[in-house]
Amino acid sequence: MKMRVLPCTRTFSASGDRAQAVPKRMSLKPFILAEVFCVLLIFFIVMNAARMNPETAEWWMRHISSGWERVIGTLTSFIPVSVFELLLCIVILCGAFLFVRLVINLCRARFRAILVGLISVGIAAMYILDLYMFSMGFGYYRAKMPGYFAGDDYKAEQTVAVADYVLADYNALAEKFKRDKNGCVVCPYSFRELARILRDEFSRLKNPYFFSYAPLAKPVTNSWFMSASLITGVSFLPTGEANVNISAPPTTITYTMAHELAHAKGVMREGDANLISYYVLLSSKNDYLRYCGYYATFYDFVDCVWLVGDDENYARLLSAVSPLSAKEHKFTYDYWMSQPDIIGEIGSFFNDWYLKSNGVENGTGSYDDGNQSGTITPTDPDTDEPIIDPDTQKPIEIPVYSEVQKTYFYIYENMFGAPPVNQD
């Protein structure tokens, strides 16, 4: 027979008579835990408000976040596996354990234990949010990243000159490397060797906007789940790590590693991280890194020829791309399309929510920031009609190059000077 213990005690007089029940003193534990939660919540609210100011965000990233990244990144670098992945596994296991405890406590009507447990979980979550905000949350509100861009004053023949050079180099590199059975270039380095090479490449960025410290990227053991979630990498500054999905196609791993290292260098916005990683890859003297840069961006770049209205050269350039690279692109496309739709949609939903919660209005669309190009058609202020080119008798269209395209122009200019303009 089970006895139910009531939350009160009864005493007896000297004569053996039962005295009035005396309630137990209520535990102070829930109140103390609630106070701790409120303190952590206040810290979060204050930091969230402070990061909205770009000057504050910039100062914080350069002086606080960069120091944290150096200290914690140095410590976690001694651990060969991803600390972020380990912590995530622990959180999942603890979550499962706590859910079971919640069900048991509900069945036994232990409401005080349930309250204490919920507040404790809230404290743990609030602590993680505070640590996130402290280490990297300010980065989404800092000043615009200083890029490596040329101007907009490129003529049609100049864009073709740069594109011809790029295509020749891209095709030559495509023929240079060994390929696996899927047609993908085989990385000539081990993961750790590649991580060291890329870290050294990022040391070329001398602008104080970028952190002076960069960690060695780490492989994620459970990369299959990242692929199913359509995630190629995760940078987590609370642990000072850049984590990479090693189940992705080989070339994708390389430019993903560059992207995650850009985050680790203090570049939080996705479009900015893409741009600076493209610059590091495309301007490298390492043939393999340069090939990966071309692979990730060539088709976005060559659109500049179409942008200036040279359809003939645009078609010629596209048709001249090495079939080896085209085959690799097809395999990569098929690989991602083969992933489960539902898991990918869930992953994309949470990634979009995460970015928007950090002030990125276009969410996952921000990955394409810096890659928009177009044309401007000037109009006559009196008639509001398009201004006609006297030579072609067509409306004048002024190209506006994307920052990806201007990165190519900048690199070309630093190697050879600006391409000449045909004066005929």
Side-chain angles (χ1 to χ4, degrees), residues 61-62 64-86 135-136 139 145-148 173 177 185-221 223 226 231-246 248-270 272-297 407 411:
M61 289 298 291
R62 293 193 183 201
I64 305 299
S65 296
S66 62
W68 171 267
E69 171 76 350
R70 177 177 291 277
V71 172
I72 198 69
T74 300
L75 293 175
T76 56
S77 66
F78 292 105
I79 303 174
V81 297
S82 169
V83 176
F84 166 76
E85 184 180 10
L86 287 175
S135 61
M136 63 188 290
M145 181 191 73
Y148 297 83
L173 294 173
F177 299 104
V185 166
V186 177
C187 180
Y189 311 105
S190 68
F191 185 95
R192 193 163 183 82
E193 288 172 339
L194 181 62
R196 290 187 182 279
I197 291 170
L198 267 175
R199 184 180 64 176
D200 292 343
E201 290 285 343
F202 270 87
S203 67
R204 294 190 279 117
L205 303 177
K206 301 301 183 182
N207 192 297
Y209 184 93
F210 307 107
F211 295 172
S212 58
Y213 173 84
L216 284 178
K218 291 183 178 181
V220 174
T221 302
S223 287
M226 295 183 72
I231 297 173
T232 56
V234 176
S235 283
F236 195 60
L237 266 61
T239 60
E241 293 174 310
N243 305 281
V244 179
N245 173 358
I246 55 174
T251 304
T252 305
I253 292 174
T254 302
Y255 62 74
T256 295
M257 188 184 295
H259 176 94
E260 299 309 326
L261 282 177
H263 285 319
K265 293 283 283 186
V267 182
M268 291 295 108
R269 292 185 290 266
E270 300 297 343
D272 287 348
N274 275 339
L275 288 171
I276 201 62
S277 63
Y278 294 158
Y279 169 75
V280 168
L281 293 173
L282 294 168
S283 62
S284 175
K285 295 180 180 179
N286 183 295
D287 289 347
Y288 176 69
L289 297 188
R290 205 164 63 255
Y291 172 81
C292 293
Y294 289 147
Y295 178 85
T297 61
T407 297
I411 294 170

Evaluation steps, side chain to side chain contact (heavy atoms under 4.5 Å, CB included), between V244 and F191
CA-CA 10 Å; V244 179; F191 185 95; 4.0 Å; yes
In sequence, state the C-alpha distance, the side-chain angles, and the governing distance for Y294 and L281, and then conclude on side chain to side chain contact (heavy atoms under 4.5 Å, CB included).
CA-CA 8 Å; Y294 289 147; L281 293 173; over 6 Å; no
Quick check for you: to the nearest 0.5 Å, what is the distance between [X] atom [atom1] and [Y] atom [atom2]?
X	Y	atom1	atom2	answer
E69	T239	CD	OG1	8.5 Å
M61	W68	CE	CH2	13.5 Å
E270	H263	CD	NE2	3.5 Å

With no hydrogens and no angle check, just 3.5 Å: does a side-chain donor-acceptor pair link N286 and Y189?
yes
Donor-acceptor pair, [X] side chain versus [Y] backbone, under 3.5 Å?
X	Y	result
S277	A258	no
K218	V81	yes
E260	S235	yes
S65	S135	yes

Among residues at least two apart in sequence or on other chains, which ones pass side-chain contact (heavy atoms from CB on, under 4.5 Å) with R204?
E201, Y279, V280, S283, S284
Residues in side-chain contact (heavy atoms from CB on, under 4.5 Å) contact with V234, at least two apart in sequence or another chain
F84, M226, I231
Would you check, one step at a time, whether the test side chain to side chain contact (heavy atoms under 4.5 Å, CB included) holds for I276 with F210?
CA-CA 10 Å; I276 201 62; F210 307 107; 3.7 Å; yes
Verdict with reasoning, R70 to F211, per side chain to side chain contact (heavy atoms under 4.5 Å, CB included):
CA-CA 9 Å; R70 177 177 291 277; F211 295 172; over 6 Å; no
Which residue pairs satisfy the side-chain hydrogen bond (donor to acceptor under 3.5 Å, both in side chains) criterion with at least one member in residues 71-81, sequence neighbours excluded?
none
